[in-house]
Amino acid sequence: MTATLLPAACLSAIPLAATPGGLGALVSSPIVPMILMFGVFYVVLIMPMRKRQRALQQQIENLKKGDRVVTNGGLYGEVAAIEPTVVLLKVADNVRLRVAKSAISGLEDDGDKGAK
């Protein structure tokens with residue numbers, strides 16, 4: 001009976017780092033730095049981008065007549081009417097453009113008004 005227990009006792013004396021499939025192999029493998037790099041990229045790049053995206057989506061959902069907006073193409077205009085997927089922008093007297101809601105990049109800031 002002691003012959004069957006002897007190999008188990010010998011194996012338990014070997015440190016984890018010395019075993020090929022143990023915890024030491026996992027720590028020294030190249031996958032751990034990759035996971036850490038992904039974690040850093042997620043925190044530094046992806047989380048703030050998703051936060052900005054949610055804020056922009058909220059602004060677009062809350063658009064109302066009279067809001068001044070900027071489109072992705074750089075057009076400044078005032079919201080004249082809102083449809084489910086389209087916004088009618090007044091860009092000048094008697095000039096109205098139909099613009100997709102997804103093309104609106106945000107509300108016009110006070111700093112942009114001084115640049116006119």
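Each residue takes its place number in the sequence, starting with 1.
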Heavy atoms of A80 and R96 approach each other most closely as CB-NE, 3.8 Å

(Q) Side chains of V32 and L36, heavy atoms from C-beta outward: is any pair under 4.5 Å? (A) yes

Minimal heavy-atom distance between V43 and P48, with the atoms involved, is O-CD, 3.5 Å

Rounded to the nearest 0.5 Å, the CG atom of L63 sits from the CD atom of Q58 at a distance of 10.5 Å

Here the gap from E78 atom CD to L88 atom CG, rounded to the nearest 0.5 Å, amounts to 11.0 Å

Rounded to the nearest 0.5 angstrom, the CZ-CE distance for R54 and M49 is 11.0 Å

Exercise for the section: Could you state whether I31 and F41 fall into the same hydrophobic cluster, counting links through intermediate Ile, Leu, Val, Met, Phe, Trp or Tyr residues with side-chain heavy atoms under 4.5 angstrom apart? Expected result: no

Rounded to the nearest 0.5 angstrom, the CD1-NZ distance for I82 and K64 is 9.0 Å

Joint hydrophobic cluster, L75 plus V79, side-chain heavy atoms closer than 4.5 Å: yes

dist I60:CD1 -> K101:NZ (nearest 0.5 Å) comes out at 8.5 Å

| task | Report yes if the side chains of L89 and T71 come closer than 4.5 Å at any heavy-atom pair, otherwise no. | result | yes

Checklist entry - Is there a path of hydrophobic side-chain contacts, each under 4.5 Å between heavy atoms of I, L, V, M, F, W or Y residues, that connects L97 with V87? => result yes

Given side chains that start at C-beta, do those of V70 and I104 come closer than 4.5 Å, heavy atoms only? no

d(I46 CD1, Q53 CD) to nearest 0.5 Å is 11.0 Å

